[in-house]
Amino acid sequence: MTFYELATNLFDPLHSFWERPRTRRIVAMSQVVAFCIGLVGIELNLRGLLPPILAHLTPTSHFYAINLAFTLVLIQEVVDLIFVLPCSVTKSLGKQFEILCLILLRDAFKELVHLHEPIILIESVHVLLPMLADGAGALLCFLGLGMYYRRYSRKPQSPKGPWLYPFVAYKKFLAFCLLFFFLSFGLWVAWQSAATGLVHDFFTVFYTVLIFSDIFIVLLSHTYQPAFRSVFRNSGFALATLFIRFALAAPAYYAPLLGVAGMAFAYGVAAASDTFDKGN
């Protein structure tokens, strides 16, 4: 068995299992169940009915149940992001912007944890403004994504060379390694958080690892597509993914700005690449 076959055999069964409709339904139902369990657990904690160990880990605001549910949504989106890495550069970048749109919407809902119960609108301005910024950023990225997909739907498919199979195999192996790191590091963080009661910043660390994986894919693509146009296009799209990574780890107001800037830059690279092709 060659390395390319090994990478394909490791990645493809996992990808096929994750994309099954039944798996997607189970994941969606687990998010609903987690939301309901979170609400019940918080209510029991408010009434003093939880054991001391669980009471120490359980918050006292019902809005944290929303945060729990959308954290599970974020985990699903990050796994989707890992599985889309071996796809074509244009498809992978589009999928990553889809995930960014959903994450910005999640961040808007996440701001609800800062509200008091019951809600007093006058005291909620400091929460509504970040929610509005994240929602507007998600909408602008969604509109830019539609323009991005419309441009590539009219573009003819480029011919596939013999380099494609080994290049995709390398990306599949990288995605498999990222998935293994995501699961193992996530379990370690969950264990440490439960043991010490301190919340570890898991996603920021993983986003940093994704930045290095993006650079690796760009450098690898240069060995299979050394032409100037391909180097510029792949490097430009990689820079757009870096904007996404920084947006994922950025605080309020900066995240939507970086997301919109990354979407505009990706569309600009696509337009410049098409113009270069027509000029030659």
Side-chain angles (χ1 to χ4, degrees), residues 7 11 14-15 71 73-107 110 134 137-138 141 144-145 148 167-189 199-225 230-270 273:
F11 178 83
L14 295 175
H15 190 199
T71 298
V73 173
L74 177 58
I75 292 175
Q76 176 190 347
E77 293 160 359
V78 171
V79 175
D80 286 337
L81 180 61
I82 294 173
F83 279 118
V84 83
L85 286 178
C87 298
S88 66
V89 177
T90 54
K91 183 178 179 181
S92 175
L93 183 61
K95 182 62 178 179
Q96 292 183 65
F97 275 109
E98 290 180 15
I99 295 173
L100 176 63
C101 292
L102 295 177
I103 290 177
L104 288 176
L105 289 178
R106 166 194 170 270
D107 289 344
K110 187 178 177 182
D134 289 329
C141 287
L145 191 59
Y148 175 83
F167 180 47
V168 173
Y170 275 116
K171 292 197 292 183
K172 286 182 178 181
F173 185 75
L174 175 63
F176 177 81
C177 294
L178 286 174
L179 183 63
F180 178 79
F181 174 78
F182 178 80
L183 295 176
S184 58
F185 184 62
L187 291 175
W188 181 83
V189 168
V199 179
H200 294 264
D201 199 353
F202 166 74
F203 289 105
T204 302
V205 175
F206 188 73
Y207 295 151
T208 304
V209 174
L210 285 178
I211 290 176
F212 288 99
S213 68
D214 292 334
I215 301 301
F216 175 79
I217 291 176
V218 170
L219 297 177
L220 183 64
S221 68
H222 293 173
T223 64
Y224 293 100
Q225 298 173 298
S230 299
V231 171
F232 178 85
R233 173 175 167 272
N234 294 336
S235 300
F237 283 154
L239 184 56
T241 62
L242 289 182
F243 283 117
I244 297 177
R245 305 291 185 258
F246 290 133
L248 296 178
Y253 301 112
Y254 289 97
L257 287 175
L258 287 172
V260 173
M263 186 72 256
F265 185 80
Y267 185 82
V269 170
S273 180

Using the side chain to side chain donor-acceptor pair (under 3.5 Å) criterion, which residues pair with R106? Sequence neighbours excluded. none
Between T223 (side chain) and L220 (backbone), is there a donor-acceptor pair under 3.5 Å? yes
Taking every non-hydrogen atom, the tightest pair across A175 and I82: O-CG2, 3.3 Å
As an exercise, state the distance from CZ of F173 to SG of C177, rounded to the nearest 0.5 Å. 4.0 Å
Judged by atom type as modelled, is there a donor-acceptor pair below 3.5 Å linking the side chain of S235 to the main-chain atoms of F232? no
Would you check, one step at a time, whether the test side chain to side chain contact (heavy atoms under 4.5 Å, CB included) holds for F185 with F206? CA-CA 9 Å; F185 184 62; F206 188 73; 5.5 Å; no
Would you give the length of the straight line joining atom NZ of K95 to atom OG1 of T90, rounded to the nearest 0.5 angstrom? 14.0 Å
Measuring from Q96:CD to D214:CG, what's the distance to the nearest 0.5 Å? 6.0 Å
Would you check if V218 and F237 make a side-chain contact, meaning some heavy-atom pair closer than 4.5 Å? no
From L174 CG over to L179 CG, what is the distance, rounded to the nearest 0.5 angstrom? 11.5 Å
Taking the side chain as every heavy atom from C-beta outward, state whether V209 and L178 have any pair of such atoms under 4.5 Å apart. yes
Any side-chain heavy-atom pair from L81 and L210 closer than 4.5 angstrom? yes
d(Y148 OH, F97 CZ) to nearest 0.5 Å is 8.0 Å
Would I244 and Y207 count as a side chain to side chain contact (heavy atoms under 4.5 Å, CB included) if you check the C-alpha gap in whole Å, the side-chain angles of each, and the deciding distance to 0.1 Å? CA-CA 9 Å; I244 297 177; Y207 295 151; over 6 Å; no
Please round to the nearest 0.5 Å and tell me the distance separating atom CD1 of I217 and atom OG1 of T241. 8.5 Å
Side chain of Y170, backbone of S221: donor and acceptor closer than 3.5 Å? no
Minimum-distance pair of heavy atoms, taken over all atoms of C101 and A138: O-CB, 3.6 Å
Closest non-hydrogen atom pair, P256 against D134: CD-OD1, 3.5 Å
Side chains of K172 and V168, heavy atoms from C-beta outward: is any pair under 4.5 Å? yes
Under 30°, 30 to 60°, or over 60°: which ring-plane class applies to H15 and F11, parallel, tilted or perpendicular? tilted
Test log, rule side chain to side chain contact (heavy atoms under 4.5 Å, CB included), inputs E98 and L102: CA-CA 7 Å; E98 290 180 15; L102 295 177; 5.8 Å; no
Side chains of K171 and L85, heavy atoms from C-beta outward: is any pair under 4.5 Å? no
